[in-house]
Amino acid sequence: MPEGHTLHRLALDLSRDLAGAKLSVSSPQGRFDGVKTLNGKKLIDATAVGKHLFLNFKSAVVHIHLGLFGRFKRHANPPPDARPATRLRLLGPEHAWDLSGPTRCEIADKAQLEALRARLGADPLDPKATPETAWAKMHATSRAIGAVLLDQSVISGIGNVYRAEILFLLGIHPETPSREITRAKFDDLWALAASLLARGVKERRIVTTPAVPGKRATKATALYVYKRDRCRNCGGPIRKFKLGARTMFACETCQPKPKETKTRRARQRDE
DNA sequence: AGCATATGACGAA
DNA sequence: TCGTCCTATGCTC
């Protein structure tokens, strides 16, 4: 689940359960080296930027990136024995949170945090974020828009599911050169990303189809194109292909290819 | 039991 | 562009 909405949801939930408390911190797996520094220390809160999560202790900040496999599990206190792969266990008064499989989980100093922030593009979930830099970057490259949307230094928080769904909803073919996106389309994209991510935080999952009152979206109804065989809108076949090292899903009826300016790769593939 | 798969990102070449 | 790292799940045999 780890796209931007997951980390922002986690920041809220971790803050709700653990903020203000002195935590018992452990690493059943043994691969988190901040246990000594943090055990018994008070957590101020948890925050998120893009796909990065920060545990803000009074004395230090833990930087967590879930990568593809990282997960948090919540338990009531007292929690069950931790699985051996548990990298980090945070035990608060009422709840325990177990982290497994993260790409990153380390104490970060000021310089590291600053470098990270400098590297990340604007996060649509940040109410203070402005899209000007993202627009400038997007407008300045001929890379495929589908690849640019995964680039966390342009916009942070969008992952493989959101990129497919956002491009579908905007009717943009993923191989469209980024610089051909108009300012008006970009503004739509930014607003859509913000609203979908916010909805993801609220619903605790990615949902891009219209809400049906009284019904919860299921795996079968939540998305238009991602991992589907048929387009939820027109019923046509979904094309599945690699783009930016990940699997892209698109309906080429609802997302027509840009005219003449095919990418070189697309041309090669078609011949 | 074993294998394929996954919503991510990095470094080497 | 490829290999690599990290773990859990759900399939197939």
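Here the structure is a predicted model, which means the values were calculated and not measured.
A straight line from NE2 of A:H8 to C1' of B:dT7 spans 15 Å, rounded to a whole angstrom. If you measure from atom CG of A:L243 to atom P of B:dG8, you get 13 Å, rounded to the nearest angstrom. One can place NE2 of A:H63 at 12 Å from C1' of B:dG8, the figure rounded to the nearest angstrom. The distance from atom CZ of A:R71 to atom C1' of B:dT5 is 12 Å, rounded to the nearest whole Å. The distance between atom CD1 of A:I64 and atom C1' of B:dG8, rounded to the nearest whole Å, is 15 Å. We find that NZ of A:K219 is positioned 12 Å from P of B:dA6, with the value rounded to whole Å. Straight-line distance from the CG atom of A:D98 to the C1' atom of C:dT7: 14 Å, rounded to whole Å. Taking atom CZ on A:R228 and atom P on B:dT7, their separation rounds to 16 Å, with Å as the unit.
Ring pair A:H65/A:H52 is perpendicular by interplanar angle, where above 60° counts as perpendicular and below 30° as parallel.
Put simply, A:R246 has a side-chain N or O that comes within less than 4.0 Å of OP1 or OP2 on B:dG8. Note on A:K51: every side-chain N or O is 4.0 Å or more away from OP1 and OP2 of B:dT7. For B:dA9, one of the phosphate oxygens OP1 or OP2 lies less than 4.0 angstrom from a side-chain nitrogen or oxygen of A:H65.
With sequence neighbours left out, the side-chain contact (heavy atoms from CB on, under 4.5 Å) criterion links A:T247 to A:K240, A:K242, A:F249. Among residues two or more places apart in sequence or in another chain, the ring-ring contact (aromatic ring centres under 6.0 Å, His included) test is passed with A:F57 by none. In this structure, A:R163 has no salt bridge (charged side-chain N to carboxylate O under 4.0 Å, His left out) partners at least two apart in sequence or on a different chain. Every residue two or more places apart in sequence or in another chain was checked for a salt bridge (charged side-chain N to carboxylate O under 4.0 Å, His left out) with A:E94, and none qualifies. Listed by chain and number, the residues in a side-chain contact (heavy atoms from CB on, under 4.5 Å) with A:T37 are A:I107 (sequence neighbours excluded). Contacts of A:A194 classified as side-chain contact (heavy atoms from CB on, under 4.5 Å), with partners at least two apart in sequence or in another chain: A:P124.
Rounded to whole Å, the C1' atom of C:dA8 lies 22 Å from the corresponding atom of B:dC10. B:dA4 and C:dG3 have their P atoms separated by 16 Å, with the value rounded to a whole Å. Here the separation of C:dC13 from B:dT5, taken at their P atoms, is 14 Å to the nearest Å. Going from the P atom of C:dC5 to that of B:dA13 covers 15 Å, rounded to whole Å.
For A:R83, taking side-chain heavy atoms from C-beta onward, the closest of the listed nucleotides B:dC10, B:dT7, C:dA8 is C:dA8. With B:dG8, B:dC10, C:dA8 as the choices, the nucleotide that has an atom nearest any side-chain atom of A:R119 turns out to be B:dC10.
With DNA chain B read from its 5' end, the first of the two nearest nucleotides for A:R104 and A:K227 is the one closest to A:K227.
Both key distances under 3.5 Å define a Watson-Crick or G-U pair, and stretches of 3 or more such consecutive pairs in DNA chain B run B:1-6 with C:7-12, B:8-12 with C:1-5.
Legend: side chain to side chain donor-acceptor pair (under 3.5 Å) pairs involving residues 13-22 of chain A, not counting sequence neighbours, sorted by first then second residue: A:R9-A:D13, A:D13-A:R16, A:D13-A:R204, A:D17-A:R74, A:D17-A:W97. Applying the ring pair (Phe, Tyr, Trp, His ring centres under 6.0 Å) test to every pair with at least one member in residues 135-158 of chain A, sequence neighbours left out, gives these pairs: A:W135-A:H139, A:W135-A:F186.
Among all heavy-atom pairs drawn from A:T130 and A:A122, the shortest one is O-CB, 3.7 Å.
If you take OG on A:S156 and CG on A:L116, they are separated by 9.5 Å, rounding to the nearest 0.5 Å.
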Please list, pair by pair, any protein nitrogen or oxygen found under 3.5 Å from a nitrogen or oxygen in nucleotides 2-6 of chain C.
residue, atom, partner, partner atom, Å
C:dC6, OP1, A:R31, NH1, 3.4

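At a threshold of 4.5 Å between non-hydrogen side-chain atoms, the residues A:R216 and A:V207 do not count as touching.
Non-hydrogen atoms lying under 4.0 Å from DNA chain B are contributed by A:Q152, A:G159, A:N160, A:V161, all within residues 148-165 of chain A.
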Kindly list each side-chain donor-acceptor pair under 3.5 angstrom involving residues 222-229 of chain A, sequence neighbours excluded, with atom names and distances?
residue, atom, partner, partner atom, Å
A:R228, NE, A:Y224, O, 3.2
A:R228, NE, A:R230, O, 3.0
A:R228, NH2, A:R230, O, 3.2

